[in-house]
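Reading through the structure tokens given below for one structure.
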Amino acid sequence: MSRLLEREEGMTMNNRLKETRTKFLTWFKKLDNWTKLAGAIFALTTVFTIWMLITIVGLNMLPMKFLIPIILVVVLFVVGAFFAFFWPKLPAKGGKKKKKPDQKKVLITRFVGLILALCIVLIDAVGIRMLGQLQGAIGDMTGVDDDTVYEIVGVYVRADDHAAELSDVAAYDLALNYTYDKESIETAVKMMNEAFKKEMTFEEYDDSLVMVEALLTGTEDALLMNASYVTVLESMEGYEDISLRIKCIHEFKMVDKDAQQIEISEKPEDITKEPFIVYVSGNDTKSSMKKVRSDVNILAVVNPTTKQVLLINTPRDYYVEIASVKEGAYDKLTHCGIYGIECSMATLSDLYDHPVPYYAQVSFNGFVRLIDAMGGIEVYSDQSFFSAHSQTDIVKGYNFLNGEEALSFVRERHNLPDGDAARGRHQMAVIQAIIKKAASGAILTHYGDILDSMGGCFGTNLSNDEASDLVKMQLNDMASWNIKSFSVLGDGYGEKNYTYSIPNQKVYVLPQNQDYINHAKTLIDKVFDGETITDEDLALPTAE
């Protein structure tokens with residue numbers, strides 16, 4: 001009995017489906033009804049198509065040899081959908097009275113047109129989303145405002161202190177030092193007085209390091225200090241873990257209106273035809289900041305006509321004269337970054353006697369995210385070693401590394417016989433690997449992840465148009481690039497000396513090697529003159 005009922009229910013359901021299908025087909029065959037539906041679908045298709053084409057043209061990255069075929073194909077699909085939708089209503093050739101169309105052919109044609117239209121809308125929607133994501137990512141990274149300089153002064157306490165906000169330090173013994181960034185400290189004091197509605201009492205120290213020690217030993221409960229100075233402390237022996245020993249419970253952020261703006265070298269008129277230099281800076285912050293100690297300092301000398309890239313590594317401890325801060329002031333190159341990325345650019349420009357108009361800044365956090373988003377990179381190592389940062393064994397030859405492993409690869413120096421020299425080579429090797437991976441077709445499979453990884457971790461003063469022109473140039477010729485690397489480390493022997501940012505204590509620095517600097521200048525000249533750099537050119541000339 002139950003089986004009979006199930007069979008009857010199944011037959012009833014089939015009948016309902018047949019009845020519904022018959023009603024739909026009957027409606028679908030009626031020309032007036034279909035015309036209304038087709039008009040709405042075609043209008044939607046046209047709107048999405050125009051939207052996508054405007055987005056493609058507005059992005060300005062595709063050369064004409066790609067742009068024109070794309071437009072023609074899109075238009076062809078839209079025209080095909082139009083004829084599939086409305087062909088039964090078109091008059092016969094010569095304007096004669098149209099004959100009654102074959103209903104079966106009309107039905108098939110309409111279904112084809114419907115499927116074609118839906119495909120067009122889907123492709124347009126995906127294309128608009130991807131292009132919009134690309135446009136947004138480029139907009140976030142490029143055209144960074146070079147005129148606004150921010151200073152951040154923090155209220156610091158010991159890491160184990162219960163204080164969690166500014167109000168918690170109202171009764172604390174407070175300390176400050178005016179030697180480093182006096183103007184910002186004075187402004188922070190005024191802001192703190194306003195917050196507590198009274199004149200706060202501070203113990204003034206002549207030496208920032210002595211002040212920090214007073215906090216760590218409990219002599220002082222809290223102190224005011226420029227946030228950039230924390231990165232200076234981290235570069236000093238015995239203070240590498242300072243960010244774990246103290247904590248910032250409040251930040252005073254202010255626009256440094258009186259800060260000396262360092263003039264950036266004039267940019268080339270056409271970045272796709274004239275040689276130029278990009279300062280590649282890497283820092284260990286959570287996001288890309290314009291005023292932060294730079295651990296990676298590489299100049300990318302680019303000749304877009306000859307497709308030559310020369311990577312010049314300047315060690316972070318190189319003892320250089322700081323540009324436009326104080327005449328005759330010497331410091332580690334890494335410390336130049338705390339006075340602004342423009343200071344680092346101008347310092348390197350003076351060191352190599354060549355203009356440095358562009359910078360590309362990346363945080364190590366962004367570096368890891370980018371490489372993971374790319375699916376990892378293949379990096380060449382000229383020696384085998386154990387990387388302590390990520391507990392990874394690196395073999396001589398090519399190594400496939402994820403983001404953390406690649407970061408460990410470029411930071412390791414203690415387990416290497418030539419320390420800083422190897423670290424510089426590794427940094428340039430990873431840049432080459434990223435360029436190689438970015439130029440491969442495999443990157444398209446990680447398109448969305450790569451764009452998402454760049455948020456807040458990358459910055460450059462390349463304009464949107466300049467970035468677009470470079471992409472368009474590469475897509476137009478699809479040429480391979482000749483990439484060579486050179487380091488000015490020299491023999492790598494360091495010494496202790498006083499620095500501008502740490503004036504009262506000698507710290508480790510690397511003296512300049514003039515022979516290597518002069519050879520780097522010669523190599524830059526060759527790139528600018530249109531010569532192709534060979535491995536033989538990289539060798540330092542021997543005295544005759």
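Positions are given from 1 along the sequence. Bear in mind that the values here come from a model prediction, so they are computed numbers and not experimental data.
The aromatic rings of H426 and F385 lie parallel to each other, with less than 30° between the two planes, well short of the 60° mark. Taking the six-membered ring where tryptophan is involved, the planes of H250 and F252 are perpendicular, since the angle between them exceeds 60° and thus also 30°.
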Item to check | Verdict with supporting geometry, E220 and Y205, side chain to side chain donor-acceptor pair (under 3.5 Å) | outcome: CA-CA 11 Å; E220 303 291 348; Y205 284 78; 2.8 Å; yes
Next on the checklist: Please evaluate residues K496 and V509 with respect to the criterion side-chain contact (heavy atoms from CB on, under 4.5 Å), reporting the C-alpha separation (whole Å), side-chain torsions for both, the decisive distance (0.1 Å), and the verdict.
Outcome noted: CA-CA 6 Å; K496 291 291 187 71; V509 299; over 6 Å; no
Item to check | Stepwise side-chain contact (heavy atoms from CB on, under 4.5 Å) test for I185 and N177 | outcome: CA-CA 8 Å; I185 297 295; N177 169 255; over 6 Å; no
Checklist entry - L174 and L224: side-chain contact (heavy atoms from CB on, under 4.5 Å), yes or no, with the steps? => result CA-CA 8 Å; L174 303 170; L224 276 180; over 6 Å; no
Next on the checklist: Checking D331 against S501 for the side chain to side chain donor-acceptor pair (under 3.5 Å) test, could you report, in this order, the C-alpha distance in whole Å, the side-chain angles of both residues, the deciding distance, and whether it holds?
Outcome noted: CA-CA 7 Å; D331 208 327; S501 57; 2.8 Å; yes
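The side chain to side chain donor-acceptor pair (under 3.5 Å) with Y279 is formed by just one residue from the set N461, T347, T460, N297; it is N297.
E274 places a side-chain N or O within 3.5 Å of a backbone atom of E269 that can act as its donor or acceptor partner. Panel note: side chain R293, backbone T231; a donor-acceptor pair is recorded below 3.5 Å. Judged by distance alone, the side chain of T55 and the main-chain N or O of I128 form no donor-acceptor pair under 3.5 Å. A donor-acceptor contact shorter than 3.5 Å links the side chain of Y318 to the backbone of N513. Side-chain atoms of N193 come within 3.5 Å of backbone N or O of M200 as a donor-acceptor pair. Put simply, the side chain of D372 gets close to the backbone of G403: a donor and an acceptor are under 3.5 Å apart. Between the side chain of E466 and the main chain of S463, a donor-acceptor pair closer than 3.5 Å is present. Under the 3.5 Å distance criterion, the side-chain polar atoms of T334 are matched with a main-chain donor or acceptor of S294. Formation of a donor-acceptor pair under 3.5 Å by the D161 side chain with backbone atoms of V157 is not found in this model. At distances below 3.5 Å, at least one donor-acceptor pair connects side-chain atoms of H354 with backbone N or O atoms of Y352.
Minimum heavy-atom separation, A222 to V169: CB-CG1, 4.4 Å. When all heavy atoms are compared, the tightest approach of L233 to Y239 is O-CB, 3.1 Å. In this structure, L401 and I371 approach most closely via the heavy-atom pair O-CG2, 4.0 Å. Considering every non-hydrogen atom in both Y516 and S487, the closest pair reads CD2-O, 3.5 Å.
H519 has its ring centre less than 6.0 Å from the ring centre of F486. Taking the ring centroids of Y172 and F202, they lie at or beyond the 6.0 Å cut-off.
Identified under the salt bridge (charged side-chain N to carboxylate O under 4.0 Å, His left out) test for residues 237-251, with sequence neighbours left out: D241-R245. Contacts classified as salt bridge (charged side-chain N to carboxylate O under 4.0 Å, His left out) and involving residues 421-432 (residues at least two apart or in different chains) are given here: D382-R425, D418-R425, D420-R423. The list of salt bridge (charged side-chain N to carboxylate O under 4.0 Å, His left out) pairs with a residue in residues 166-178, not counting sequence neighbours, is empty.
Expressed to the nearest 0.5 Å, how far CD1 of I312 lies from CD1 of I517 amounts to 10.5 Å. Distance CG/L333 to CD1/I322: 9.5 Å, rounded to 0.5 Å.
The number of heavy-atom neighbours closer than 6.0 Å to CD of E404, taken from other residues, nucleotides and ligands shown, is 12 or below. At most 12 non-hydrogen atoms from other residues, nucleotides or ligands lie less than 6.0 angstrom from OH of Y398. Around atom CH2 of W481, more than 12 heavy atoms belonging to other residues, nucleotides or ligands sit under 6.0 Å away.
No hydrogens or angles considered: nothing links the side chains of Y508 and E495 as a donor-acceptor pair under 3.5 Å. Using a 3.5 Å distance cut-off with no hydrogens or angles, the side chains of N399 and S381 do not pair a donor with an acceptor.
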